Amino acid sequence: MRNANAETDAGAHGVFAFAHHGRDGLAILRFDFAALDEEVEQFVNGLPSVGGFQIGDDLLFPKNVRERHRKKTASPFRSKQTADSRTNSIPSSICPRLMAGACHVWTPRIILPQHLSVANPTNTAQPMSVRVRFAPSPTGYLHIGGARTALFNWLYARHTGGTFVLRVEDTDAARNSQEAVNVILDGLRWLGLDWDEGPLTADATGPSKGDRGPYFQSQRKENYARRVEALLSRGLAYESEGAVRFKMAREPVLIRDLVVGDVTRALTDREEQEPDFVIMRSDGSPVFHFVNVVDDLEMGITHVIRGEDHLSNTAKHVALFQAFGVEPPKYAHIPLILNADGSKMSKRDTGAALTYYMENGYAPEAVVNYLSLLGWSPKDGREVIPLKELVEMFDLPQILRHNARFDHEKLKWMNGEYVRAMPADRFYEMAVHTLARAGLDTNRFPTAYVKAALDTCLGKVRIFSELAGYAGFYFTDQVALDAEALAALTPEARERLKRLRDACAALAEFNAVSLETALKETAKSLGVKNGLMVHPCRFACTGKGSGPSLYHLLEVLGRERVLARMDAALSA
RNA sequence: GACCCUAUCGUCCAGCGGUUAGGACACUGCCCUUUCACGGCGGUAACCGGGGUUCGAAUCCCCGUAGGGUCGCCA
């Protein structure tokens, strides 16, 4: 114990020491001697002192080291926990006082004796530039989970200043088409996920950018043939019934995953029967596991970020990389996205396809933001985060390991946040587009009218598909009065409406201010509350019980339409 | 059947050995308001179960249970 140290270094907070602390062994303690009482000091003096550590230092072994691994590596304190080290346990009588401020405690989660040195980030080798890829199969739709996988890859590439590669896995020629490829390209473009390398068009033989192409697997057949040949010639693969099988290891494979941790994948019972898997079919076409690895290898992919559904198969991929004599890329298997009820999200489920969001008036930046928060979150707990900051904060270690359910309600809320903050022009554009999809042609009306109408909706809708129901009355010739509307138009209500109609007709200026005055005066003269005037009027003019601000809506509609609609309602 | 992953409010996340278990969505009470939203102030609501380690466990370990994934000449 370097007690002297504490005394000479006035102001410096004493000494670092190790103590046995709970089951996980050592804690680093930092003592402030000024605050120690005698009993505590006595205890402290019995501790082995250490140098070069600080509170919070990682003595690590990363937290993703799994217990299996730990058992193998000879647990440091179970085996070494002698009576001697026991005496360094922090006694309960002292602990509270230590915690009270005399001492700072840091308990590393896992400590291995041979790692009792501070991890030094500066001495790690210069990291290679990151290359990630998104490798979808053109099936005709882009799954929302696939979109998130693309997003995570993109975010990681942008975060690290690396390269985002788009590769089309169109090995199954029969069910691929340019339209199917376009669904992917359009989806990624819509989300704003630009790729640094990959196809420029949906044409497999068309132009692309990047020097590691082609970026369509259908154009890479020679590479696969050559690689199969290489394995064959080295006896690492063999022919069987016309197909080529890879000689798979008959023992568990260690998968080091940046998200899941170290996974030892043992053979299943079926694999025990036949461990060697086909890499090339009898018709000469290579299978997914093979092409995937060959392409990743040849394209210099450094990090494979993909859905957790690939985790088990990663053993095959690792074995293949090893057969080719190279280190496998770093893997990061991200959790899956499930339906609200926890079931797997399949093609048929609402919102499973990205096109759903493209077509229903969602803002891509909201979808991106929401997706980024599924399985990942920034430390500060914020939720509405601009893309730029997402890029800055995103990283692999923070990704969770458990699946997430897709919450449409929260997405709608998120979308509303973005819609509200949206520039007016963008709002008009998206509104007109979505309205048109709902069969409401805004082109029939003057631009000024359309804009004025939409201005009354700013900040009112969360997703644009709500707009047709909210503001459709602006763009129809007649309002449909449903049962609810008719029920509201009682004889008394009609009487009030009639009075309001006449007041409106007599108005010199027909605007929100004058309308409000007129309505309130009419209510006053009738001796009723404003609300009793408001509701019949709203129903008559819009057919609904709720909507944009009444006075503004009336102004936009204009005297002519308003009077016509009131008359129509009065005679309905 | 085997193998692998996972488990905190209804949902998404915080938490990484000592917290009155925190935030967001949703739900809900009040205020604001011509409606609906927005906004403001509140509320309901969670550590899957059982063992163990520890003075102390939501946090570490084990066993159950549940959910998900994978075992193709699909991708």
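Only a predicted model underlies this, so the values are computations on that prediction, with no experimental measurement involved. Here is the naming used below: chain letters follow the sequence lines, and residue numbers restart at 1 for every chain.
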Separation between the P atoms of B/U65 and B/C25, rounded to whole Å: 38 Å
Side-chain H-bond candidate by donor/acceptor type, A/R148 with A/N153, under 3.5 Å: no
Pair A/F394 and A/W376, ring centroids less than 6.0 Å apart: yes
Sugar-phosphate only, base, or nothing, as touched by A/K344 at under 4.0 Å among non-hydrogen atoms: sugar-phosphate
Sugar-phosphate, base or nothing in reach of A/G342, heavy atoms under 4.0 Å: sugar-phosphate
Validation row, ring centre A/H408 to ring centre A/Y362 under 6.0 Å: no
Minimum-distance nucleotide (side-chain atoms of A/L311 versus B/U34, B/U70, B/C5): B/C5
Which atoms of nucleotides 11-14 of chain B (N or O only) lie under 3.5 Å from a protein N or O atom, and what are those distances?
residue : atom : partner : partner atom : Å
B/C12   : OP1  : A/R405  : N            : 3.0
B/C12   : O2'  : A/L373  : O            : 3.2
B/C12   : O2   : A/K410  : NZ           : 3.4
B/C13   : OP1  : A/G375  : N            : 2.4
B/C13   : OP2  : A/H402  : NE2          : 3.4
B/C13   : O3'  : A/S377  : OG           : 2.9
B/C13   : O2'  : A/S377  : OG           : 2.9

Under 3.5 Å on both distances, the Watson-Crick or G-U partner of B/U70: B/A2
Touch class at under 4.0 angstrom, heavy-atom based, for A/R265 against every strand present: sugar-phosphate
Any donor-acceptor N/O pair under 3.5 Å between B/C3 base and A/S312 side chain: no
Rounded distance (Å) that lies between atom C1' of B/A75 and atom CZ of A/F290: 16 Å
Touch class at under 4.0 angstrom, heavy-atom based, for A/S549 against every strand present: base
Test side chain to side chain donor-acceptor pair (under 3.5 Å) applied to A/D276 and A/K247, A/R250, A/R245, the passing residue: A/R250
Pairwise C1' distance for B/C13 and B/C3, with rounding to whole Å: 30 Å
Touch class at under 4.0 angstrom, heavy-atom based, for A/H310 against every strand present: base
Rounded distance in Å - CG (A/D170) to C1' (B/C74): 15 Å
Touch class at under 4.0 angstrom, heavy-atom based, for A/L336 against every strand present: sugar-phosphate
Parallel, tilted or perpendicular, as decided by the 30° and 60° cut-offs, for the rings of A/Y331 and A/H333: parallel
Nearest-angstrom distance, C1' atom, B/G52 to B/G40: 49 Å
Geometric class of the A/Y370/A/F406 ring pair [parallel <30°, tilted 30-60°, perpendicular >60°]: perpendicular
Aromatic contact, A/F290 with A/F277 (centres under 6.0 Å): no
Nearest-angstrom distance from the residue atom CD of A/E169 to P of B/A75: 9 Å
Where do N or O atoms of nucleotides 36-40 of chain B meet protein N or O atoms at under 3.5 Å, pair by pair?
residue : atom : partner : partner atom : Å
B/C36   : O2   : A/K460  : NZ           : 3.3
B/C36   : O2   : A/Y470  : OH           : 3.2
B/C36   : N3   : A/K460  : NZ           : 2.6

Separation of atom CG in A/L532 from atom P in B/U35, rounded to whole Å: 12 Å
Sugar-phosphate, base or nothing in reach of A/E241, heavy atoms under 4.0 Å: base
Sugar-phosphate only, base, or nothing, as touched by A/L519 at under 4.0 Å among non-hydrogen atoms: nothing
